Each structure stands twice: as C-alpha cells, then as structure tokens.
There are 2 protein chains.
Amino acid sequence: MKFTEAEENYIKSIYHLQITHEKVSATLLSAAVNTRAASVTDMLKKLQLKKLVNYKPYQSFTLTDKGVKTALEIIRKHRLWEFFLVSKLGFNWDEVHDIAEELEHISSKELITRLDNYLGNPSFDPHGDPIPDKNGRIKQLKQKNLIETPLKKMATVSSIRDQSNEMLELLKHYNISIGTRLRINKRFEFDGSVEIKMEKVPAAILSEQVAKNIFCTI
Amino acid sequence: MKFTEAEENYIKSIYHLQITHEKVSATLLSAAVNTRAASVTDMLKKLQLKKLVNYKPYQSFTLTDKGVKTALEIIRKHRLWEFFLVSKLGFNWDEVHDIAEELEHISSKELITRLDNYLGNPSFDPHGDPIPDKNGRIKQLKQKNLIETPLKKMATVSSIRDQSNEMLELLKHYNISIGTRLRINKRFEFDGSVEIKMEKVPAAILSEQVAKNIFCTI
DNA sequence: AATAATTTTTAGATTTGTCTAAATATTTAG
DNA sequence: CTAAATATTTAGACAAATCTAAAAATTATT
Ligand SMILES: [Mn+2]
Ligand SMILES: [Mn+2]
Ligand SMILES: [Mn+2]
Ligand SMILES: [Mn+2]
C-alpha cells in the first residue's frame, strides 16, 4: 500500500514516540510532526480508516501491526540513506538527517533492496541506530549510557539518543562519534557529571544531561 | 527559490516540449504531465506569477530565462540519479526513469554536488542524454540518427530519442545500447528501413520509425 | 463534588492541485 | 466569410493537509 508523505511522517513519529513514551497523545505528536493538535486529530481519523492506528476519540493511540510494519519500512529507508550519505558521499553525521527525511519517501522497493546490498547490508546507521532488515527485524545491542557504564572499563560509543543539532555539535567539539573508545574515570555525586578519558586527549568532563544520551557497548 | 513537485514537473515538461516542438500548447503539455488542459491553464497562471513562464491567455507559451535555469537544475538531478542507479546500483537503463522521476525532487544542493563528484562528473546519462553541469551548461554531441548516418562507416550509438518502455524493450532485444558500435549496410527506399551490422551478430533490419530514434556519433 | 485548567475535537477557512462541464476564443473548411 | 471543429479558459467541486477559534471532554485542584 502507498501512503502520502504526510501520512508516512505521522506514522514514523508515532512509532518513535510510543517507544519512548508510555502514552502517545495528540499534543505530543503535534510537536513531533510540527503541526497543531487539531491537525493531528484530522490525520488520526485518516490513519484509522487505513487501519494504521488504533484510535478512539479523546484517548491516547497506538500503531496497529500494519502501522508498525509501515513505520519500520520508512525507518529502514531513512537509515539506509543516512548510511549512504555518510559512507559514500562523505557527509558528516550531523548533516544527513534532513536529507534522509526527504529520501525516505522515495517509493521504489527495488531501489532499497539494491541500495542495501550496495552498502553491504549495514546493521546500524551513522548515529548508531539499528537499520531494520527487509523483514523489519532490528539488531539490538546491549548498550548502557555513560551514567550506567562501569568505571575504569574501556567502552565503545554505539549510539546517541538525543540527535538534535545542539547535541551533535557538542559531540563534534569533543571529537566523540560512533566507534569512539573511552573509559569512565570518575562520576561526581554532586551534579551527576562524569569524567571520561579518550586516547591521545586529556580527560574531559561531561554533564549528566550529556552522559545520559551517549550509549556504549563494553 | 523552492518549487512544489507539481510545479517542477510542469517546468521540466515545458522545457522538453519547447525543444522538440515549435509551439507548446496547453493540450500538448497536458498529455506530457498526464492531466487535463484545464489543469494546465491553472498551473500556467501560477508559474507566470512566479516568473517562470511567458504566458498570455489563448496563446502558446515559453519558459522565461528563470524557467529554463530551473528546468536545467531538475534535469541535472534526474540524469545524475539515473547515472547513479545504473552505474552504482546495477539497474538496467530501462528501469531507472520512474525512480529518477521521484529522486529529481530532492531539494538538497549539497547532495547533488557530492553525488556529481562521487559519480566522476559524468557528461551523459544512461540514455545518452547530456547532464547539465552546475552552471546549467550542456555538452552537445555532433550526432546523426540512423537515417542520416552515412553508409558503410562505423558509428557509435550515442543517444535514444523516444525512450518509451516499448522502444527500450525493442533495443534490448536487438542488444543495442549506448556505446554499441555498428555500420549501416543499406537503406531501403521502399519503406525507409535500414540494415545494420554489429560485431558478432548477423545483420538486422530496423524500421524507419526505429532508425529515426537512434542517434550515433562517427 | 464542584470548579478550574488542560487537552482534544469540531467548525469553518485556506492552499495546492486536480477534475468535469460549460462558456469562450481560435482555427479550419466549405 | 461564415460555420463547424478544435482548443482554451472559466466556473464550480473535491481531496489532502493545514490553520485558528470555539466547543466539548477529560483531568487536576481546591
Ligand atoms: Mn520525512
Ligand atoms: Mn539516524
Ligand atoms: Mn518528477
Ligand atoms: Mn535519461
């Protein structure tokens, strides 16, 4: 089935929100898709007709199985294109999101199959997020954020939760990216900040807010 | 300036039509963009407001300089993506048009600059059509169709005018593609058909209608 | 439990792009 | 040069996606 670009953006946003939030409300979604709650209500009715969401007026809503399947297809496309932009065209990881936001709506299935193979069937995008395979299956890493990572152990940065421009800018300044190896030297009770040590550079301090958003494998 | 997908499709179609036809009319354009003449009239008014077409009611119309510039940017994107699909993803030349029809509307300038470099700044797309450079300049080959190509001289297929699925299917059957070397053995006065000879295969006859649409360099 | 605050939905518009049917203009032919 | 045929434009509708303002429902607070 084919959906409009707007429908796809709504579906994808609901998917992301229902992973991070217990309940997804019209206001929450309206912020994610950059519209007003009234527009969300209109769209929810359309998505319900197409059996993509479970929705009853005045209640929070969820994606149907069909909705989840659709969301994973869009996310697959988004992340494969991001991988392409970084690995083949040499973009930085903080430059690719908006372009992938458009490319994810290109409809050809065959294109994505071929792109996937061309890229070597990658499992993770440039931000460390898993790329669903053709069946919608996702590889989940056992990862901990820098608050939970044990002290004095080498760890490898594997993903970033908050991917706002501000966050990616900060990471660029500290020279932290996916694959960066580091060790937690110390955690400060006072403000939750952590001191990290990377190769060849002096130790650095990250605020709790930043540390929470950086995930590592050990 | 940014345009909608519909506007871009109209602009591109007008560009192609005014190369092949002395006058571009509403009916002609309506067939090209797959709508009705009434819709064309509506769109022409919008494009005129944006200074993309020279249009007076009941008269044929042309692109302004700005319109031509815009058309060339879209065509550049279309053909670069076609080149990518064939050279990197291994598509056949008869499979790429519809996908490029969507990809040509992705807005990022930087993306196209990088794609162009990644592909080695190609001058011709998989159908032999010239790819405008970043300034909209086009390399024009001195080429003749198989009706005009002199007899008994080796020639190289350089482009195909009619790129319908039917035409590309026929060419695939004869194993003719861009770069194919051939010689005109004979031209038949009776029906305008031509006999061509390619390496390693028996001579073949092409109808005048087909021969007109295959262009060669010598 | 009643009231206040918040959230969600409806009502009514707007924009973009399309359509059909009817009106109008242009072109072609007798 | 008129009449018929053809092309183009207008009028009026519609679907998609959005908005603001107002109404209705839910949730929180005294
Ligand atoms: Mn998107
Ligand atoms: Mn990503
Ligand atoms: Mn297009
Ligand atoms: Mn082409």
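Labels below follow one simple rule: chain letters A, B, ... track the order of the sequence lines, proteins then strands, and each chain is numbered from 1. Keep in mind that what you see is a predicted model, and the values were worked out from it rather than measured.
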Nearest whole angstrom, please: distance from the [atom2] of [N] to the [atom1] of [X].
X     : N      : atom1 : atom2 : value
B:M43 : D:dT10 : CE    : P     : 16 Å
B:L49 : C:dT15 : CG    : C1'   : 14 Å
B:E5  : C:dT16 : CD    : P     : 16 Å
A:L28 : C:dT7  : CG    : C1'   : 13 Å
A:D42 : C:dT14 : CG    : P     : 16 Å
B:L29 : C:dT18 : CG    : P     : 11 Å
B:I11 : C:dG17 : CD1   : P     : 11 Å
A:N34 : D:dA17 : CG    : C1'   : 14 Å

Using a cut-off of less than 4.0 Å, is there contact between a side-chain N or O of [X] and OP1 or OP2 of [N]?
X     : N      : answer
A:T41 : C:dT9  : yes
A:Y10 : D:dT18 : yes
A:T27 : C:dT7  : no
A:T4  : D:dA17 : yes
A:K46 : D:dA17 : yes
A:Y55 : C:dT9  : yes
B:R36 : C:dT20 : yes
A:K45 : C:dT9  : no

Nearest listed nucleotide, side chain of [X], among [options]:
X     : options               : value
B:A38 : C:dT24, C:dA21, C:dT9 : C:dA21
A:Y58 : D:dA25, C:dT10, C:dT7 : D:dA25
B:A37 : D:dA17, D:dT9, C:dC19 : D:dT9

Considering every strand and a 4.0 Å limit on heavy-atom distances, what is the contact class for [X]: base, sugar-phosphate, or nothing?
X     : value
A:A6  : sugar-phosphate
A:A26 : sugar-phosphate
B:T35 : sugar-phosphate

Heavy-atom side-chain proximity of [X] to [Y] below 4.5 angstrom:
X      : Y      : value
B:F83  : B:L115 : no
B:S177 : B:V157 : no
B:V24  : B:S60  : no

> So B:W93 and B:H127, would you call those rings parallel, tilted or perpendicular, with 30° and 60° as cut-offs?
Replying inline: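 If you compare the ring of B:W93 with that of B:H127, the planes turn out parallel.
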
> Do you know which two heavy atoms are closest between A:N54 and A:F61, and how far apart they sit?
Replying inline: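 Answer, listing the atom of A:N54 first, then A:F61: O-CB, 3.2 Å.
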
> Do we get A:K56 above A:Y58's six-membered ring, with its NZ or CZ under 6.0 Å from the centre and within 45° of the axis?
Replying inline: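 Verdict for A:Y58: no cation-pi partner in A:K56.
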
